[in-house]
Amino acid sequence: MARRSLKRTARRTAHGARDKAQAAVSRKGGRIMASHANGEALCPGSSRNGSLSQEKMWAYGLGLFGIGLGLAELMVPRRLARMIGAPPRHDGLIRAMGLREIASGVGILTQGSSATAVWSRVAGDAMDLACLGAAFMSNRSHRGRVALATAAVSGATLLDMITAQQLSRGIETRNGCISLTVALVIDRPQQGLYRHWRELTNLPTFMKHLVRIEIQDDRRSHWVAKGPAGSTVEWDAEIIEDRPNEYIAWRSIEGSQVDHAGSVRFEPASGGRGTIVTVEMEYRPPLGTVGAAVAAWFGEDPNQTVKMDLRRFKQMMETGEVITTEGQPAGRAESTSRK
Amino acid sequence: MKANCWYGKQDMRVVDVPDPKILNKKDAIVKVSSAAICGSELHLYNGFVPTMEQGDVMGHEFMGEIVEIGPEVKQRRVGDRVVVAFPISCGQCFFCKKELYSLCENTNPNAWMAEKFFGHSPAGIYGYSHLTGGFAGGQAEYVRVPFADVGTIKIENGFSDEQVLFLSDIFPTGYMAAEQCNIQPGDTVAIWGCGPVGQFAIRSAFLLGAERVIAIDRFPARLQMARDGGADTIDYEETDVYDTLMQLTGGRGPDSCMDAVGLEAHMPGLLYYYDRIKQAMMSESDRPIALRQAIMACRNGGTVSIPGVYGGLIDKMPMGAVMNKALTIKTGQTHCQRYLKPLLDRIAHGDVDPSFVVTHRMKLAEAPQGFDMFNRKQDGCIKIVMTP
Ligand SMILES: NC(=O)c1ccc[n+]([C@@H]2O[C@H](COP(=O)([O-])OP(=O)(O)OC[C@H]3O[C@@H](n4cnc5c(N)ncnc54)[C@H](O)[C@@H]3O)[C@@H](O)[C@H]2O)c1
């Protein structure tokens, strides 16, 4: 036990840049992410638990912006009204809008950028746009300025909506990466689990998005995954770290169609209760159709998807196969259950 | 084959569906000889359980003859007569090894759905919504039984179907609920609900040494059956339940209280409408009327056992009473497999003849009428057994 953690510390120091992110994770072990042979990480500085995702950063930004705008609306409503070309004598309304902005902003900052808080901004935007629309109709307003203000608010609305949508779908990217960590305890010793996983050709039997893996040599393999409309997406990967019974890390060869890195760790659970299997994955989806395919593999909730993969692995290791309901009777046309 | 399928709230139909096939190596196919309707299914029937899909085959209390086995079924053979436990359990995981079969980690292919609702998933269950796997149930001519070695008990000849059928659910459920009451000599156990689960709980409480059982319901036939089982009874429409229980126990309260009613509890008076309205408005999914009473009536330091099913959120839970009275709460879907053998032994020994609970017999084709009758508790209906 002591030796293992020593090793890990040594390794972590080698990846000094990531230490800060790891400090936030008080878990035993911390994050060890795959890197290219030249030592450059696929998603430098990214840690699901440690650093903020892009979506969360956007949300914070929007929250802060909202508070600033809200304060201005609250304190100098008349100046603001003139700036956006709104008719005068609506101080009360503008102050109310300011309070709304501040409330949403504070909501975002205090609720850790929750999707709901950002959605409240979207609702507020809709109200603002409605008011601007009314202002535009009024003949006491400066239409040119109102139009400009409307354009600005529309832009903000779009940003709010995209951010809220991503957050509610549970999609968080870091430096353009989808990254996730999932752990599941399996009631089997490390050795067998490691062996089954290290036989990479087994992965497609429980990882839904993979079609097959072809072994090239001890370290290299060729991965084939589902692409859009029956096509496939392919890349070569290499094992970059392999500690028997404990840890396997792999990543795609530089210049591959899909930039992917993954690792799996096998640690004994306390009290001899099997093994805690922790999978970390990072995908940097390229633009275009391949990117869309990668996004589709992980669907609405990437963590959930990988957890299901891991659960199938557990079923196989504990019971010998993956339990299914596909093909059972039902009084409807296609008789499968939802997946 | 014919199967009784769910098509919507209070809409069951017996239709033709494909025969089941072996899909996993440890599956068996059972030709159903008897299947019952369970109180739990009323929650699906009345639309309180989400994730049902049109065409889902119902039924989790059934037995029959094995007609086909997968290549890895080791302890059962074609021709065996078996009763099937309602939770589907792998027998290999952490929970199965602890005999907590209804918490099996490997049998719910839709575990992610249940995790969204409950944080963690229970085991798969036959014909009990997609939240618990969407497995086709046994109100059919044939049914697929996954993990047949773990989930079935072989019945040697000499017993009628009606004597052993309820090993599939309600006998173990009543028994486990009584076991959870931690009954000590001299104890009084109060049981809300004299449906089939309550009936078996009454008998089990006596088997486990209760001195007195007080059973609560409002239907005369059910109260009569409870008295036949040795219980004192309270009709909650006639008298105040709390006051009566206090009179019967010298003000201390029953040592254990059991909620064998579940999320569709009924009650005369205003509170009932409060909960019905909240349920209709979706701000409360379950009506915990019996549960609240059980908690309030239970003696200090006593145990509240909850076999009654809850699915989501409840309102006005008297947590202050639970805490200040130092109550123990025990609940769960029944770990049915754990009780198959010991309770079959009890039946063989003559301690209980479970067929007492059967009030109606019909054909599978009449299942929709059966559901309607059982739901409305008409015609003294307590338990329906269907044959093909
Ligand atoms: N834990 C398990 O594994 C498990 C297994 C089977 C059934 N169940 C559950 O047990 C419960 C009972 O099942 P059942 O088959 O006996 O159903 P049932 O519907 O036949 O019986 C419920 C009884 O409760 C009575 N009741 C309603 N409101 C009451 C109240 N306020 N006070 C006292 N009695 C009241 C009804 O009149 C009825 O007789 C259901 O919730 C069912 O889902 C749980």
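Sequence lines set the chain letters: A, B, ... in the order given, protein chains first and strands last, and positions in each chain run from 1. A quick note: this is a predicted structure, and the numbers were derived from the prediction, not measured.
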Answer yes or no: does atom CZ of B:Arg77 have more than 12 heavy-atom neighbours from other residues, nucleotides or ligands under 6.0 Å?
-> no
Around B:Lys9, counting heavy atoms of other residues, nucleotides and ligands shown, do more than 12 lie under 6.0 Å from its NZ?
-> no
Which distance, rounded to the nearest 0.5 Å, do you find between the [atom1] of [X] and the [atom2] of [Y]?
X        : Y        : atom1 : atom2 : result
B:Met113 : A:Gln304 : CE    : CD    : 10.5 Å
A:Asp187 : B:Cys96  : CG    : SG    : 10.5 Å
B:Phe135 : A:Thr324 : CZ    : OG1   : 8.0 Å

Give, as side chain, backbone, both or neither, the part of A:Lys307 having an atom under 4.5 angstrom from any heavy atom of chain B.
-> side chain
Do you know which two heavy atoms are closest between [X] and [Y], and how far apart they sit?
X        : Y        : value
B:Pro18  : A:Pro329 : O-CB, 3.0 Å
B:Phe94  : A:Arg273 : CE1-CD, 3.8 Å
A:Met308 : B:Trp112 : SD-CD1, 3.4 Å

Mind ranking B:Ala136, B:Cys90, B:Cys5 by heavy-atom pairs under 4.5 Å with chain A and telling me who comes out on top?
-> B:Ala136
For chain A, find which of B:Arg13, B:Glu105, B:Lys21 contributes the most heavy-atom pairs closer than 4.5 angstrom.
-> B:Glu105
One option among A:Glu321, A:Glu318, A:Arg188 has the most heavy-atom pairs under 4.5 Å with chain B, and it is A:Glu321
Evaluate the side-chain contact (heavy atoms from CB on, under 4.5 Å) criterion for residues B:Leu23 and A:Glu326: first the C-alpha distance (whole Å), next the side-chain angles of each, then the deciding distance (0.1 Å), finally the verdict.
-> CA-CA 8 Å; B:Leu23 300 176; A:Glu326 258 164 79; 5.9 Å; no
Taking [Y]'s backbone N and O only, do any of them form a donor-acceptor pair with [X]'s side chain (distance below 3.5 Å, no angle check)?
X        : Y        : value
B:Lys26  : A:Thr319 : yes
A:Gln328 : B:Gly134 : yes
B:Asp56  : A:Ala330 : no

Considering only heavy atoms, which portion of [X] lies under 4.5 Å from any heavy atom of chain A: side chain, backbone, both, or neither?
X        : result
B:Glu115 : side chain
B:Pro20  : both
B:Ala140 : neither
B:Tyr7   : side chain

Should B:Asn106 and A:Lys314 count as side-chain neighbours, where that means a heavy-atom distance under 4.5 Å?
-> yes
